[in-house]
Amino acid sequence: MSLNTMGYNISIALGALLGGLFANNVGITAAVWFGVALTAMALLCAARSHRDAPTGSLQEMNW
């Protein structure tokens, strides 16, 4: 469980570090648009995943 927590904390720290470097080098406006692009890609992936998900109960899917 502590390894899970460590992984989350490292991910948050790396995200803050890389986001700060990106904002400093490219600019705040570009960082915001990059965030918008990442959000749009995540929504498209979620929509595609939802569309491809099997329907019905687990028994019907022979799991």
Side-chain angles (χ1 to χ4, degrees):
M1 195 154 112
S2 64
L3 289 176
N4 250 353
T5 304
M6 182 184 67
Y8 291 135
N9 286 329
I10 288 173
S11 297
I12 290 168
L14 286 175
L17 174 68
L18 295 176
L21 290 173
F22 187 82
N24 280 339
N25 292 324
V26 179
I28 298 295
T29 305
V32 171
W33 283 112
F34 183 67
V36 169
L38 285 177
T39 302
M41 287 190 309
L43 287 172
L44 288 173
C45 288
R48 180 175 169 82
S49 171
H50 179 68
R51 185 184 61 187
D52 293 343
T55 56
S57 69
L58 292 177
Q59 293 172 347
E60 291 174 357
M61 291 186 282
N62 296 323
W63 284 18

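Computed from a predicted model, the values in this text were never measured in an experiment.
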Undergrad: With clusters built from Ile, Leu, Val, Met, Phe, Trp and Tyr whose side-chain heavy atoms come within less than 4.5 Å, directly or transitively, what are the remaining members of the cluster of L44, listed by chain and number?
TA: none
Undergrad: Tracing side-chain links under 4.5 Å among I, L, V, M, F, W and Y, which residues wind up in one group with L38?
TA: F22, V26, F34, M41
Undergrad: Apart from L43 itself, which Ile, Leu, Val, Met, Phe, Trp or Tyr residues share its cluster (side-chain heavy atoms under 4.5 Å, direct or through members)?
TA: none
Undergrad: Give a yes or no on whether the backbone of C45 and the side-chain of S49 come within a donor-acceptor separation of less than 3.5 Å.
TA: no
Undergrad: Can you sort out the partners of I10 under side chain to side chain contact (heavy atoms under 4.5 Å, CB included), two or more places apart, ordered by chain and number?
TA: M6, L14
